[in-house]
Amino acid sequence: MTDSDDMLRIAVLISGNGTNLQAMIDAIDDGRLHARIVEVISSRPDAYGLKRAAKAHIPTCSLNRDVYADAEVADEVLATELRHSGADYVAMAGYMRMLGPGVLGTFPDRIINLHPALLPSFKGAHAIADAFAAGVKVTGVTVHFANAEYDKGPIIAQRAVPVREDDTVDSLETRIHAVEHILYPEVLEHFAQGDVTIDEQRKVTVRNA
Ligand code: GAR
């Protein structure tokens with residue numbers, strides 16, 4: 001894939017800082033990820049990730065509380081925006097909202113989520129703190145397909161992060177983020193290369209992983 005028009009087109013959903021969005025932008029810039037980010041959509045107008053996108057000249061869109069007040073409206077607005085973006089795939093990067101049937105139905109097996117724990121352990125919005133509080137010795141990062149069940153879609157890739165004796169939640173979080181910033185662009189590159197397949201049993205295979 002040499003012509004940028006042939007590249008995988010990704011829309012990225014964020015809610016906050018956007019360090020994983022930045023990791024994708026950096027990976028594209030230095031040739032590790034052969035994809036184009038066609039739009040960044042935020043569930044919060046004040047998300048810092050929107051500034052990162054603007055700096056990289058990526059079109060942005062932010063939805064606000066009013067939109068999310070009605071789940072059906074939010075689903076329809078997001079599905080329409082994503083359809084218009086021309087994205088092949090949707091990558092969630094710290095997007096802290098549920099996806100509705102309109103979005104999921106528009107991109108079947110084409111929505112990817114990043115989660116800061118080894119699913120199926122520690123689902124939800126506080127995965128790092130929950131894993132730390134549980135005293136596990138190993139946690140990690142999961143990339144999976146999003147479906148109607150929160151944090152339960154087919155797993156694409158996982159990487160372990162050991163919990164150290166002297167860790168705090170903050171130090172653990174820093175190491176988990178560092179692993180995310182490597183793993184997520186790597187997984188997206190596998191999508192760009194057509195290496196990812198999902199079978200009838202919903203089991204995912206990644207060639208050349
Ligand atoms: C990341 O750690 C991501 O795994 C997590 O939010 C953070 C976003 O960071 N996502 C979830 O917890 C989803 N349940 P970022 O905005 O700096 O990329």
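Residue indices begin at 1 and follow the sequence shown. In listed order, ligands and their atoms are each counted from 1.
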Carefully, step by step, assess His181 and Thr19 under the rule side-chain hydrogen bond (donor to acceptor under 3.5 Å, both in side chains).
-> CA-CA 8 Å; His181 298 162; Thr19 62; 2.8 Å; yes
Does an N or O anywhere in [X] fall below 3.5 Å from an N or O of ligand 1?
X	answer
Asp151	no
Gly18	yes
Asn113	no
Glu180	yes

Quick one: does Leu114 get a heavy atom under 4.0 Å from ligand 1?
->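 The answer is yes, since Leu114 has a heavy atom less than 4.0 Å from ligand 1.
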Gly124 heavy atom under 4.0 Å from ligand 1 =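 Under 4.0 Å: yes for Gly124.
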To which protein heavy atom is [atom] closest, and what is the distance rounded to 0.1 Å?
atom	value
atom 9 (O) of ligand 1	Asn20 ND2, 3.8 Å
atom 17 (O) of ligand 1	Thr19 OG1, 2.5 Å
atom 14 (N) of ligand 1	His115 ND1, 3.4 Å
atom 5 (C) of ligand 1	Pro116 CD, 3.9 Å

Roughly how far, to the nearest 0.5 Å, is the OG atom of Ser85 from the CZ atom of Arg9?
->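 It is 8.5 Å, given to the nearest 0.5 Å.
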More than 12 heavy atoms of other groups within 6.0 Å of Arg44 CZ |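 No, CZ of Arg44 has 12 or fewer neighbouring heavy atoms, counting only those of other groups under 6.0 Å.
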Look at the aromatic rings of Tyr95 and Tyr68 and report parallel, tilted or perpendicular, splitting at 30° and 60°.
->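 The rings of Tyr95 and Tyr68 sit tilted, inter-plane angle from 30° to 60°.
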Within a strict 4.5 Å, meaning less than it, do heavy atoms of the Leu78 and Leu13 side chains meet?
->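 Heavy-atom side-chain distance check passes, below 4.5 Å.
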Does the separation of the ring centres of Tyr89 and Phe107 fall below 6.0 angstrom?
->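 Between Tyr89 and Phe107, the centre distance exceeds or equals 6.0 Å.
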For the residue pair Ala117 and Thr139, what are the closest heavy atoms and their distance?
->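 Where Ala117 meets Thr139 most closely, the heavy atoms are CA-OG1, 3.8 Å.
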Taking all non-hydrogen atoms of both residues into account, name the closest pair between Ile155 and Gln158 and its distance.
->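 So the minimum-distance heavy-atom pair works out to CG2-CG, 3.7 Å.
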Numbering the atoms of ligand 1 from 1, which are under 4.0 Å from a heavy atom of Gly94?
->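 Within the 4.0 Å cut-off of Gly94, ligand 1 contributes 6 (O), 8 (C), 10 (N).
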Please state which part of Met96 comes within less than 4.0 Å of ligand 1, counting heavy atoms only: side chain, backbone, both or neither.
->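 For Met96, the contact with ligand 1 is made by the side chain alone.
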